Asker: 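Starting off with a structure, shown below.
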Amino acid sequence: MKSEPFVYSIDDLEEDGTTYWDGVRNYQARNLMRDRMKVGDHVLYYHSNAKPPGVAGLARVVKAAYPDHTSWDANGKYFDPKSSPESPRWFMVDIAFEEKFQQMVTLDRIKAEPALQEMVLLKRSRLSVQPVEAKEFSLIAKIGRGQIP
DNA sequence: GCCAACGTTGGC
DNA sequence: GCCAACGTTGGC
């Protein structure tokens, strides 16, 4: 899951403990949250639009998809007039802080790693919620923990 | 700040 | 259903 750290960083998540992942307004990303994410799933927390961009730590899903109420707040920036409580168009999940990496796994590092070339991050870079293979996940976690240089 | 790569919208 | 115009994302 991607977030701009100046909007909501891994440190913000650590401070809050849990948060709801509002504002996703892309159908592919919505479908992933709604159809694929289950309670207990682990999440790579990616800082986009950062210097440098990269995976900053880990989170986990603590509540499965439910309607994103910010979509029907007419005064909010995530308002969508086509979404309503009766017929919600957008969904969110709740995630909890799990771990901040010793060292951020930068986008450059991921690009340089042969085993990570197939990551959706490198193929469809603008999707804000992406599926990650178990092998990709564990390798990035090891690099982030400093277990692999 | 630029701009490439996409995703969405809406006229036809 | 096509596609041009427009908006957004996010690395650089």
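By convention in this document, chain letters (A, B, ...) are assigned in the order of the sequence lines, proteins followed by strands, and residues within each chain are numbered from 1. These figures come from a predicted structure and were not determined experimentally. These values consider heavy atoms only, across backbone and side chains, with no hydrogens, waters or symmetry-generated copies.
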Asker: Closer than 3.5 angstrom, by distance alone: can the side chain of A:Gln102 be matched with the main-chain N or O of A:Arg145 as a donor-acceptor pair?
Answerer: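 Yes; judged by distance alone, with no hydrogens or angles, the pair exists.
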Asker: Determine, for nucleotides 6-11 of chain C in 5'-to-3' order, which nucleotides have protein heavy atoms under 4.0 Å from the base (write B), from only the sugar-phosphate (write S), or from neither (write -).
Answerer: ---BBB
Asker: side-chain contact (heavy atoms from CB on, under 4.5 Å) between A:Val55 and A:Ile143: does it pass, once the steps are laid out?
Answerer: CA-CA 10 Å; A:Val55 181; A:Ile143 296 170; over 6 Å; no
Asker: Main chain of A:Leu121, side chain of A:Gln130: is a donor-acceptor contact present, judged purely on distance under 3.5 Å?
Answerer: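 Confirmed, A:Gln130 side chain pairs with A:Leu121 backbone.
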Asker: Side chains of A:Arg25 and A:Ser83: any donor to acceptor distance under 3.5 Å?
Answerer: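 On atom types as modelled, these side chains do not qualify, holding no pair under 3.5 Å.
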Asker: Scan side-chain atoms only and decide if A:Asp68 and A:Tyr20 contain a donor-acceptor pair under the 3.5 Å cut-off.
Answerer: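 No - no donor-acceptor pair under 3.5 Å links their side chains.
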Asker: 5'-most contact on DNA chain B: A:Lys123 or A:Arg89, nearest heavy atom basis?
Answerer: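 Checking each residue's closest nucleotide, the 5'-ward one belongs to A:Lys123.
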Asker: Should we say atom CD of A:Glu133 is surrounded by more than 12 heavy atoms from elsewhere, each under 6.0 Å from it?
Answerer: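 Count not over threshold, so no.
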Asker: Pull out every residue in residues 20-30 of chain A that has a heavy atom closer than 4.0 Å to any atom of DNA chain B, ordered by number, or say none.
Answerer: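 Listed by number, they are A:Asn26, A:Tyr27, A:Gln28.
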Asker: With no hydrogens and no angle check, is any side-chain donor or acceptor of A:Lys100 less than 3.5 Å from a backbone partner on A:Asp11?
Answerer: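 Judged by distance alone, no pair lies under 3.5 Å.
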Asker: Can a side-chain donor-acceptor contact be found between A:Arg34 and A:Tyr27 if the only test is distance below 3.5 angstrom?
Answerer: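 Distance-only check fails for A:Tyr27 and A:Arg34.
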